[in-house]
Structure formats: structure tokens, C-alpha cells
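Okay, structure first, notes after.
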Protein chains: 2
Amino acid sequence: MRQIKKPTIRDVAQEAKVTTSTVSRVLNESTLVKPRTRQKVLDAIERLGYIPSKTARIFKSGKSYILGLVIGQSHISNIMFNAGFQAQFKALTEKAHKEGYNILLITAATADSESYFEVIKNQVADGFIIFSPSQNDTLTAMLEEADIPYVYNMKYSDNPQDRYYVSSDDVEGGYIAGKYLLDLNHKHIRFVVGSVKGGYLPFNADRIRGFQKALKQYGVPFQEEMIVKIPGQMDESYNGIHKLFQTDRPTALMISNEITTVAALNYFFDHGIRVPQDLSVIGFGPSEFFRSLRPNLTNVSYDLAWSSAKLVDLLLQRIEGKPVTPEMPKKPELVIRDSTARYSEAAPKPS
Amino acid sequence: MRQIKKPTIRDVAQEAKVTTSTVSRVLNESTLVKPRTRQKVLDAIERLGYIPSKTARIFKSGKSYILGLVIGQSHISNIMFNAGFQAQFKALTEKAHKEGYNILLITAATADSESYFEVIKNQVADGFIIFSPSQNDTLTAMLEEADIPYVYNMKYSDNPQDRYYVSSDDVEGGYIAGKYLLDLNHKHIRFVVGSVKGGYLPFNADRIRGFQKALKQYGVPFQEEMIVKIPGQMDESYNGIHKLFQTDRPTALMISNEITTVAALNYFFDHGIRVPQDLSVIGFGPSEFFRSLRPNLTNVSYDLAWSSAKLVDLLLQRIEGKPVTPEMPKKPELVIRDSTARYSEAAPKPS
DNA sequence: CTGTTAGCGCGTTCAT
DNA sequence: ATGAACGCGCTAACAG
């Protein structure tokens with residue numbers, strides 16, 4: 001029977017001829033309630049179709065069991081089609097649910113600290129996982145000031161104050177990719193990284209550092225043009241690859257972004273550039289994704305399930321006010337598949 | 001300065017030497033407050049770093065501006081890599097944010113009505129968007145009984161009681177795909193649909209109906225084996241396609257699921273089956289996705305942004321208790337690209 | 001074992 | 001223009 005107004009604990013109490021405390025007790029299965037009274041209450045609940053107000057409970061307890069996932073408005077449009085983001089998102093969600101939390105998706109209108117802080121402080125959540133705005137310097141400070149538990153999904157700044165994230169070992173990632181190509185006798189290598197306001201994000205800087213380390217080890221001099229900055233969306237990436245291949249003809253490519261990787265493969269398909277016969281390609285990201293491409297792509301695989309779980313653990317520790325135990329990043333792995341081949345001078349080049 | 005305890009409206013009142021009512025007034029920019037008092041309060045807020053408790057506000061107002069998005073635990077693992085789901089998810093999120101709501105991601109442990117209802121009633125949200133369990137008969141009844149606003153993301157049952165969803169015109173979708181292939185002289189057509197417990201979901205039933213309509217119109221007799229049920233995950237799909245092509249050699253394929261489509265294209269790539277020379281392929285889903293495949297895929301494109309926005313509108317109407325205005329489904333469109341070709345007997349078949 | 005009382009943080013009367 | 005008092009739904013401390 002439809003009620004005009006949702007029944008409250010008081011209605012139940014009245015119906016069962018007890019007090020609200022007693023009802024509360026049976027609801028929380030707390031202190032011994034006499035079975036008969038208990039039954040009376042349960043009957044009343046059943047009769048009224050009573051559902052305890054979650055809102056009131058959150059209000060009372062101060063715990064919502066909600067984790068806010070904060071993303072910039074502009075990001076969300078593109079990010080959902082990004083395999084790396086998806087994998088991370090999925091892993092975060094699963095871990096959160098496993099721990100009894102739900103994920104509240106929050107978007108900030110613009111990608112600046114003020115906008116982020118504005119939406120964060122206006123949400124009900126026990127803590128926040130932040131896919132950061134371009135620069136998060138002041139955001140971190142504001143969150144600390146307001147005593148709001150948060151973690152970043154990755155390393156966004158080199159500021160030692162920003163220590164709440166779980167990093168992957170990106171230097172190692174860039175290193176093993178570069179080393180493998182050098183082992184295959186490639187020297188004309190290009191590393192395609194995402195372009196953000198003309199620069200690149202810290203994790204790409206790390207990957208580049210690793211790449212440089214490999215080069216040095218093999219005695220190949222690093223040159224600026226080895227790093228190619230291309231935006232991460234499908235069409236822009238396609239055009240960026242096009243532009244690159246008009247003036248340059250590398251024998252091997254490392255690509256730091258999944259969408260750009262797909263765009264590049266499409267470009268090669270469209271222009272008869274054979275992978276790996278004419279060009280070796282290495283991707284970065286979740287391994288399953290690259291396995292679904294043709295050819296199957298050699299890739300540097302990060303354990304996103306692991307790091308996402310760690311990230312949630314970190315946030316929960318902060319929420320519970322426990323001392324934070326820093327975790328060493330897990331090493332990425334090189335998964336060798338069909339997109340990389342040994343380079344030999346004699347190899348025919350298509351005209 | 002870090003507080004031991006977060007300041008409340010009372011602390012602000014005390015600090016500003018006014019009462020909580022006044023503070024409340026400046027917070028809500030309500031009735032004229034004398035500028036000087038107003039300033040005093042603002043200063044106090046600033047000094048204390050006071051942030052109004054969202055929780056208390058929700059509790060008071062009864063509005064959380066949160067929409068719950070309910071998904072089965074088992075779904076979420078696979079669903080995130082599904083282009084159709086992603087597009088819908090993205091559209092739902094964007095529309096919700098545009099309307100001032102955030103999306104709370106909720107997963108049910110198992111895909112039955114009881115499990116769904118259990119998590120739904122225990123969440124704070126003004127309404128729910130439900131990616132349904134396999135059978136939702138009792139779920140609908142329970143939600144109605146509890147007077148909880150909800151909508152389903154698509155048509156899940158033929159029960160007329162289930163009227164809170166925005167349907168796409170799937171009959172039309174199946175029809176235009178079939179008609180186009182028949183126009184291209186194909187007769188040996190297979191329609192691959194997702195398999196759910198040996199049967200298929202209502203939207204696939206509709207697409208099949210449309211396909212049958214086209215067949216009839218062209219005088220081609222429908223046969224049961226034209227419908228091929230294959231699970232929607234990558235590896236299972238690949239195997240399913242493999243199994244199909246071992247015993248059958250259609251000239252055209254309609255594929256109802258994006259992941260299965262990718263798996264099929266991979267299978268064709270691996271086995272030298274050329275699209276469209278040897279086989280025409282039509283996909284169903286968001287057009288941008290199929291454009292990122294090689295070859296560019298002809299596909300039936302649904303306007304998910306539109307229907308998702310409508311869905312949120314519908315839910316908001318229910319939340320506000322307004323009468324619900326049913327909407328006619330938008331017609332899907334056939335986007336013709338490079339994966340379909342005219343069939344001629346003379347065409348060479350690879351051995 | 002159960003009832004009484006108080007209070008979480010805020011908004012909203014009703015006075016003044 | 002501002003303050004005092006009350007209540008939202010629930011839980012918890014304290015009585016009895």
C-alpha cells in the first residue's frame with residue numbers, strides 16, 4: 001500500500017507500541033531484545049513497508065561509505081574511451097565495492113584547483129580519488145587545510161608535498177621498452193607522448209628518462225626529435241602521426257597513449273606500412289587491450305588492478321586516520337607479441 | 001590552521017558573535033542581512049575554514065542531487081570495455097552533471113531482484129538508473145511498492161508495467177541492416193546476437209524481428225540458423241565466430257555486440273578472410289567506435305546521447321513527481337562505410 | 001530488557 | 001535585521 005509520506009522510525013514505534021530506541025535496536029541487531037518485542041517490531045516494519053533513512057544514518061554516523069572520484073569535465077568526454085583509464089576505473093570500482101564503498105562520480109567544470117575544490121567540498125563522501133587538474137599545487141594545499149582525505153590517481157607533480165598517490169615505475173617502463181628496441185638493433189626510434197599544453201605529464205617525463213637511460217647504455221646519443229608530442233584524441237593523433245611520417249621515417253615507435261596507438265595502427269593500415277616488417281611498435285597500457293589489436297601489440301604492461309587496489313587502500317587508511325604506509329611501485333613488464341621485429345639494413349623499405 | 005574537529009555553524013556563529021540563524025542566512029544568501037553583519041560572518045567563516053556539512057544539508061532538505069547507477073557485479077567486469085555501454089555511461093554522466101546531479105555507481109552482488117533491491121534501498125540517492133538484472137519482474141514491483149524513483153536503461157521485459165525506460169527503435173535497426181544487405185544481393189546472412197542464458201534480451205528480439213521483416217519483404221525465407229547466439233566477451237566471441245565459420249560460410253554478417261564485432265574482425269584478419277571482398281559486416285552501436293576500426297565498419301547507429309539524456313529527464317520527472325511524458329524512440333541510422341559490398345556469384349572465394 | 005533524554009548540523013518558523 | 005526555539009530521522013548514554 002502506497003504511503004503518502006515515507007514512514008519513519010517513529011511510525012514504526014507507534015505501530016509496534018514500543019519506543020524508537022527499541023526499533024533502532026532491532027534494526028541494528030544490537031543488545032538483546034526480547035524475541036516477542038522484536039517480532040512485533042519486525043511485523044510493524046513489514047506492515048508499513050518501512051525503510052530506514054540512509055540519509056539520517058549518514059548524518060548521524062558521519063560515514064557515507066562513498067568515495068568521490070573527481071574528474072575534469074573536459075576529461076570525461078575523451079577519457080571514457082581510453083583503455084588505460086577504463087582499466088583503472090574498473091579496478092578502482094571493484095576494489096571500492098569489495099571494501100564496502102561505492103564510487104560517486106564527480107566532475108569539475110574546469111580543470112583548475114579552485115573548480116576542483118569547489119565541487120569536492122560540496123559533496124558527501126568519506127574521501128576522494130582525484131584525477132588531477134593540470135596543475136594541482138594549490139589544490140593539494142586546500143585539501144590539506146580543509147582536512148579532507150584524498151589521493152591522486154598518479155604522480156602529478158614533483159612537489160614532495162604531494163605524496164598521496166601510488167606510482168607505477170615509469171622510468172622502468174620507458175627503459176625496458178627502449179632497451180628491447182635497441183636489442184633488436186633499432187636506432188631510429190621515436191617516442192610518442194601525450195601533449196599537455198606543450199609539455200608532458202610527470203609519468204611521461206619518467207618514461208622518457210627511462211628511455212634515455214637505455215639509449216645511454218647502448219651508446220646511442222639522445223636527440224630532442226626522438227620525443228614526439230601528439231594530442232591523445234583519435235583524430236588529432238591520426239593527424240599527428242601523419243605529420244610525423246611525412247618528414248621522418250623511424251624504424252621503431254614507442255607510443256605512450258592507447259588511443260594514439262590505435263590511431264597510429266589505423267594510419268599504418270591505411271598507408272600500407274606493415275607492422276612489424278616496416279616498423280616496430282610498442283604500446284603502453286593494459287595488456288588485454290593490446291592483445292585485442294591487430295597485429296597483437298608488444299607492450300609495456302602496468303598492473304593497474306594492483307595499483308588501483310593499493311590506491312583505495314591508501315585512501316581508506318587516510319579516512320580512518322591511520323598512519324600511511326608507503327608502497328614501492330611494482331615493476332612494469334614487457335609483453336612481447338607480434339608488433340616488434342629485428343631491424344636489418346637489408347630490410348626492404350616500401351616506396 | 002588545522003582544527004581538531006571540523007567547525008560547525010555554531011562555531012561560526014560564536015566567532016562572529018551572531019546566532020546560527022544569521023550564519024545560515026548568509027550561507028543561503030537569503031533575506032537581507034545587514035552588510036556589516038554579513039561581512040562579520042564571512043570573516044568568521046574564512047578564519048575558521050568552515051565548510052557547511054553537505055550531509056546535514058541533505059538530511060535537512062531530503063535532496064542529495066545524486067542519481068544511483070545500478071549495475072550487477074558480474075556485469076561491470078566486462079561492461080566497461082563495451083563501447084555501447086561506455087557511450088551510454090558517458091552520456092548519462094554528462095547529462096546528469098548538466099542537470100546538477102552526480103552519479104553514484106552502485107553494484108549489486110548478484111544479478112537478481114532481491115540483491116538489486118537490497119543495495120538500492122540502502123543508498124542515498126534521489127533516484128536510480130538501473131542496468132537490470134536478468135529478470136526484473138519482482139524488482140519493478142518492489143521499487144513501486146517502496147515508492148523509489150527509478151528508470152531502466154532499456155527495455156528489459158515485455159510486461160506493460162515496466163514503462164520507465166527510453167527505448168531505441170530496435171525493430172527498425174534490425175530492419176535497415178537486413179534490408180541493406182538484401183539490397184546488396186546477399187542472401188546467405190547470419191545475425192550474431194548476444195547469448196544470455198541460452199536466450200536473448202528484448203532489444204535483440206526486436207532487432208531480429210526487424211531483420212525478419214526485411215527478409216519477408218524480399219521474399220527470402222527466414223531460417224532458425226540465421227540467428228547465431230555467441231557470448232559477448234572477447235575470447236568467447238572469437239571462439240564462437242571460429243566455430244561458426246568452420247561449418248558455415250555466410251556472405252554477410254550482422255553483429256549485435258561491439259566486442260563480438262572486434263573479435264570477429266580479428267578472426268577474419270587472422271584467417272585471411274577479407275572484409276568486404278569475402279564477407280560483408282554490419283555492426284550495431286556508437287558510430288565513432290566503428291569508425292576507429294579497420295576496415296571502417298558499416299553500422300547501425302543509435303543516438304545514445306539523445307536517449308540517455310531523455311532517460312535522465314524521465315528520471316528527474318519521476319523524482320519531482322511530475323507526470324511522465326512518454327517519448328517516441330528516435331530512429332537509428334545506417335552509416336555506410338567500407339565493410340559492406342555487393343555480392344555477386346562470380347566473386348572469387350578464398351579456399 | 002525497554003523507555004527517556006539528548007543531540008548530530010542545519011534550516012525555518014515565529015518573535016522581537 | 002536578528003535571535004530563540006524547534007525538528008528532520010536516527011542512535012546512544014543513561015535510567016529504571
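Labels below follow one simple rule: chain letters A, B, ... track the order of the sequence lines, proteins then strands, and each chain is numbered from 1. Remember, predicted model here, so these are calculated numbers, not experimental data.
- Using a 4.5 Å cut-off on side-chain heavy atoms (C-beta onward), Asp313(B) and Glu99(B) make contact.
- To the nearest 0.5 Å, atoms CG (Leu105(B)) and CG (Leu92(A)) are separated by 11.0 Å.
- Computed from coordinates, the Lys40(A) NZ to dT2(C) P distance equals 8 Å when rounded to whole Å.
- Taking the charged nitrogens against the carboxylate oxygens, Lys98(B) and Glu94(B) have no contact shorter than 4.0 Å, which rules out a salt bridge.
- Atom P of nucleotide dC1(C) and atom CD of Gln39(A) are separated by 16 Å, given to the nearest angstrom.
- Atoms CD1 (Ile58(A)) and P (dG9(D)) sit 15 Å apart, rounded to a whole Å.
- Atom-to-atom, CZ of Arg25(A) to C1' of dG3(C) comes out at 8 Å; the value is rounded to the nearest Å.
- Regarding Lys54(B), its NZ atom lies at a distance of 14 Å from the C1' atom of dG11(C), rounded to whole Å.
- Cation-pi geometry between Lys121(A) and Phe117(A) is not met: the NZ or CZ atom fails to fall both under 6.0 Å from the ring centre and inside 45° of the normal.
- Among the atoms of the strands shown, only primed sugar atoms or phosphate atoms (P, OP1, OP2) are found under 4.0 Å from some heavy atom of Thr8(A).
- What separates CD of Gln14(A) from P of dG3(C) is a distance of 14 Å, to the nearest Å.
- Lys34(A) comes within 4.0 angstrom of the backbone, heavy atoms only, and of no base.
- The pair Arg163(B)-Glu144(B) does not count as a salt bridge, with every side-chain nitrogen at least 4.0 angstrom from each carboxylate oxygen.
- Side-chain atoms of Arg10(A) stay outside donor-acceptor range of the base of dG7(D), with no qualifying N/O pair under 3.5 Å.
- dC8(C) atom C1' lies 13 Å from atom CG of Asp11(B), rounded to whole Å.
- Contact between the side-chain N/O atoms of Thr37(B) and the OP1/OP2 oxygens of dT2(D) is found at a separation under 4.0 Å.
- Among the heavy atoms of the strands lying under 4.0 Å from Thr19(A) is at least one base atom, whether or not backbone atoms are also near.
- Among the atoms of the strands shown, base atoms are found under 4.0 Å from some heavy atom of Ser21(B).
- Nearest-nucleotide mapping onto DNA chain C: of Arg38(A) and Thr20(A), the residue sitting toward the 5' end is Arg38(A).
- Judged by closest nucleotide on DNA chain D, Lys60(B) is the one of Lys60(B) and Val23(A) placed further toward the 5' end.
- To the nearest angstrom, C1' of dC10(D) lies 8 Å from CZ of Arg57(A).
- Of the candidate nucleotides dG9(C), dC10(D), dG3(D), dG9(C) has the atom lying nearest to any side-chain atom of Ile9(B).
- Residue Ser53(A) has no polar side-chain atom (N or O) positioned under 4.0 Å from OP1 or OP2 of dG9(D).
- Backbone-only engagement by Val18(B) is indicated by non-hydrogen atom pairs under 4.0 Å involving sugar-phosphate atoms exclusively.
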